[in-house]
Amino acid sequence: MEIEKFVSELPALKIRKTADGIASFDCSVEDLVLASTILRDKFNFESLNNISALDFGEELTENRYGAVYHFYSHANKEYASLRVVCQSVKEPKIPSLCPVYKGADWLERECFDMMGIVFEGHPRLARILMWDNYPYYPLRKDFPLAGKEAPLPPSFEGNENATKVEPAPEEGGPFHAPSSSTEFCAQREPRSAE
């Protein structure tokens with residue numbers, strides 16, 4: 001990628017050093033949509049491959065949350081990334097990239113569901129992994145590993161008193177693999193139960 005040419009298109013970008021050599025930039029929330037549009041239209045980055053939500057730690061009172069956008073150019077066979085940091089900790093917001101990349105839909109919904117970042121302008125920002133009224137965001141650093149008690153959704157009626165979930169058996173499901181080591185590696189691969 002022509003990094004200097006991209007920065008000249010949007011001087012507010014800051015080049016980030018990376019160990020893998022991928023073109024990476026710090027981008028303001030205000031410039032995200034424009035920077036993404038320039039990447040798509042002028043530098044042939046046709047795909048938004050991923051959005052990684054960031055939590056820099058609960059001790060921060062500002063700039064705690066953000067996201068890294070990973071783009072790919074099929075024509076040039078190269079990657080680029082933009083890192084954006086939300087301005088507010090209480091209401092982390094980033095503009096939606098759905099108008100620029102249709103594939104941003106599910107990626108933004110996952111970041112919203114797990115980290116609580118609101119993507120302004122998203123056509124249907126709704127949870128996809130947790131139920132609609134779930135009050136927490138499980139990937140935040142202050143969320144305990146054991147989870148938190150929360151009211152169950154109406155679809156759980158009749159299961160309120162369940163005390164534990166029985167784990168699936170290691171052996172005997174539709175596929176199984178021996179628990180102990182065998183002499184040949186292929187014997188450890190899952191195979192149909194007979």
Joint hydrophobic cluster, [X] plus [Y], side-chain heavy atoms closer than 4.5 Å:
{"X": "Tyr79", "Y": "Ile51", "result": "no"}
{"X": "Phe56", "Y": "Val84", "result": "no"}
{"X": "Met114", "Y": "Phe119", "result": "yes"}
{"X": "Met115", "Y": "Tyr134", "result": "yes"}
{"X": "Tyr137", "Y": "Leu129", "result": "no"}

Over all heavy atoms of both residues, which pair between [X] and [Y] is shortest? Give the atoms and the distance, please.
{"X": "Ile94", "Y": "Gly66", "result": "CD1-C, 4.5 Å"}
{"X": "Leu107", "Y": "Leu48", "result": "CD1-O, 3.9 Å"}
{"X": "Ser81", "Y": "His70", "result": "CB-ND1, 4.2 Å"}
{"X": "Trp131", "Y": "Pro151", "result": "NE1-O, 3.2 Å"}
{"X": "Pro92", "Y": "Gly116", "result": "CG-O, 3.6 Å"}
{"X": "Asn76", "Y": "Ser73", "result": "N-OG, 3.0 Å"}

Would you indicate whether [X], at its atom [atom1], is surrounded by more than 12 heavy atoms from other residues, nucleotides or ligands within a distance under 6.0 Å?
{"X": "Glu46", "atom1": "CD", "value": "yes"}
{"X": "Glu2", "atom1": "CD", "value": "no"}
{"X": "Asn63", "atom1": "CG", "value": "yes"}
{"X": "Glu59", "atom1": "CD", "value": "yes"}
{"X": "Lys5", "atom1": "NZ", "value": "no"}

Rounded to the nearest 0.5 Å, what separates atom [atom1] in [X] from atom [atom2] in [Y]?
{"X": "His122", "Y": "Cys111", "atom1": "NE2", "atom2": "SG", "value": "10.0 Å"}
{"X": "Cys86", "Y": "Ile117", "atom1": "SG", "atom2": "CD1", "value": "4.5 Å"}
{"X": "Lys90", "Y": "Thr61", "atom1": "NZ", "atom2": "OG1", "value": "10.0 Å"}
{"X": "Leu13", "Y": "Leu82", "atom1": "CG", "atom2": "CG", "value": "6.5 Å"}
{"X": "Cys98", "Y": "Asp105", "atom1": "SG", "atom2": "CG", "value": "5.0 Å"}
{"X": "Leu34", "Y": "Ser36", "atom1": "CG", "atom2": "OG", "value": "8.5 Å"}

State whether [X] and [Y] are salt-bridged, where the test is any N-O pair (Lys NZ or Arg NE/NH1/NH2 against Asp/Glu carboxylate O) under 4.0 Å.
{"X": "Asp142", "Y": "Lys148", "answer": "no"}
{"X": "Lys14", "Y": "Asp26", "answer": "no"}
{"X": "Glu9", "Y": "Lys42", "answer": "yes"}

Legend entry - Verdict with supporting geometry, Phe25 and Ile15, side chain to side chain contact (heavy atoms under 4.5 Å, CB included): CA-CA 5 Å; Phe25 307 91; Ile15 299 171; 4.0 Å; yes
Donor-acceptor pair, side chain of [X] and main chain of [Y], under 3.5 angstrom:
{"X": "Asp55", "Y": "Lys141", "answer": "yes"}
{"X": "Asp113", "Y": "Met130", "answer": "yes"}
{"X": "Arg127", "Y": "Asp132", "answer": "no"}
{"X": "Arg83", "Y": "Tyr69", "answer": "no"}
{"X": "Arg109", "Y": "Leu125", "answer": "no"}
{"X": "Thr18", "Y": "Ile22", "answer": "yes"}

Inset, instruction - May I have the step-by-step check of side chain to side chain donor-acceptor pair (under 3.5 Å) for Glu108 and Ser96, ending in yes or no? - result: CA-CA 7 Å; Glu108 290 176 352; Ser96 175; 2.7 Å; yes
Legend entry - Close side-chain approach of Val89 and Tyr65, heavy atoms under 4.5 Å: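 When only atoms from C-beta onward are counted, Tyr65 and Val89 do touch, with a gap below 4.5 Å.
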Inset, instruction - Check whether any side-chain heavy atom of Glu78 sits under 4.5 Å from a side-chain heavy atom of Phe45, and report yes or no. - result: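 Touching, per the 4.5 Å side-chain cut-off.
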Inset, instruction - Kindly indicate, with the supporting measurements, whether the criterion side chain to side chain contact (heavy atoms under 4.5 Å, CB included) is fulfilled by Phe143 and Tyr136. - result: CA-CA 8 Å; Phe143 190 83; Tyr136 307 112; 3.6 Å; yes
Inset, instruction - Take the angle between the ring planes of Phe71 and Tyr101 and call it parallel below 30°, perpendicular above 60°, tilted in between. - result: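 Because their plane-to-plane angle lies in the 30° to 60° range, the rings of Phe71 and Tyr101 count as tilted.
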Inset, instruction - Report the relative orientation of the aromatic rings in Phe6 and Phe43; use parallel for angles under 30°, tilted for 30 to 60°, perpendicular for over 60°. - result: perpendicular
Inset, instruction - Go through the steps for Val33 and Val100 under the test side chain to side chain contact (heavy atoms under 4.5 Å, CB included), then give the verdict. - result: CA-CA 7 Å; Val33 174; Val100 183; 3.9 Å; yes
